[in-house]
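Read through the structure below, which is laid out as structure tokens, and then see the notes.
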Amino acid sequence: MAIPKAPVKRIIQEAGAERVSADAVDTLVEFLEDYAEDVSKKAVVYTKYANRKTVKAEDIDLAVGSSKTSESPEHKHNILDVIKDVFDAASEGKGIEDIIKSFKKMEK
């Protein structure tokens, strides 16, 4: 992925920086690319969960929301991880009862 550096530099300047080093731009570009990849992967899971092939804005919104909340201490489980576990269990031929049992074990 290649996010152009000029718009990133402009964002930093619009945030109030008088001068911006090339290293600062490169670091922010790297972070933005990593974040975009993470959100995209989560959005694809939501898309598959909805039985669609096309990623929609709502999938991105859900993925961004899960990225914001997945690290907060009041959330015991990241919903994306739960969905992935359900998909994995189903693909292994486990029934819904087994999936629920394994989820309850995770809560303890």
Side-chain angles (χ1 to χ4, degrees):
M1 186 184 326
I3 295 176
K5 293 180 182 183
V8 173
K9 182 176 181 179
R10 192 169 26 257
I11 290 169
I12 297 170
Q13 290 170 328
E14 288 174 1
E18 289 183 37
R19 297 172 64 186
V20 182
S21 72
D23 288 348
V25 173
D26 291 343
T27 301
L28 185 54
V29 164
E30 183 179 336
F31 170 80
L32 293 171
E33 288 176 344
D34 290 345
Y35 183 72
E37 182 178 350
D38 181 52
V39 168
S40 298
K41 287 178 181 179
K42 290 177 181 180
V44 168
V45 171
Y46 289 122
T47 301
K48 289 179 182 178
Y49 183 72
N51 292 318
R52 287 186 275 104
K53 293 182 180 181
T54 303
V55 176
K56 295 185 173 185
E58 62 197 55
D59 303 315
I60 298 294
D61 288 339
L62 285 169
V64 168
S66 72
S67 294
K68 289 180 183 175
T69 60
S70 64
E71 296 178 11
S72 65
E74 67 268 10
H75 289 81
K76 283 182 144 181
H77 305 288
N78 178 340
I79 189 66
L80 189 64
D81 293 335
V82 172
I83 292 169
K84 181 185 176 303
D85 291 343
V86 169
F87 279 141
D88 290 346
S91 69
E92 293 170 5
K94 294 182 181 175
I96 190 69
E97 294 85 10
D98 293 328
I99 294 170
I100 292 170
K101 285 178 189 174
S102 65
F103 181 72
K104 287 183 178 182
K105 287 180 187 175
M106 287 174 30
E107 288 183 332
K108 293 179 182 179

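Closest non-hydrogen pair, Val64 versus Tyr35, comes out as CG1-OH, 3.8 Å. Minimum heavy-atom separation, Ala43 to Ala63: N-CB, 3.6 Å. Looking at every heavy atom in both residues, Thr54 comes nearest to Thr47 through O-CG2, 3.3 Å.
In this structure, the side chain of Asp34 does not engage the main chain of Phe31 through any donor-acceptor pair within 3.5 Å. Remark: side-chain polar atoms of Glu33 are paired, donor with acceptor, to backbone N or O of Ile3 under 3.5 angstrom.
By the side-chain contact (heavy atoms from CB on, under 4.5 Å) test, Ile11 is found to be paired with no residue, residues two or more places apart in sequence or in another chain being considered.
Identified under the salt bridge (charged side-chain N to carboxylate O under 4.0 Å, His left out) test for residues 6-31, with sequence neighbours left out: Lys5-Asp26.
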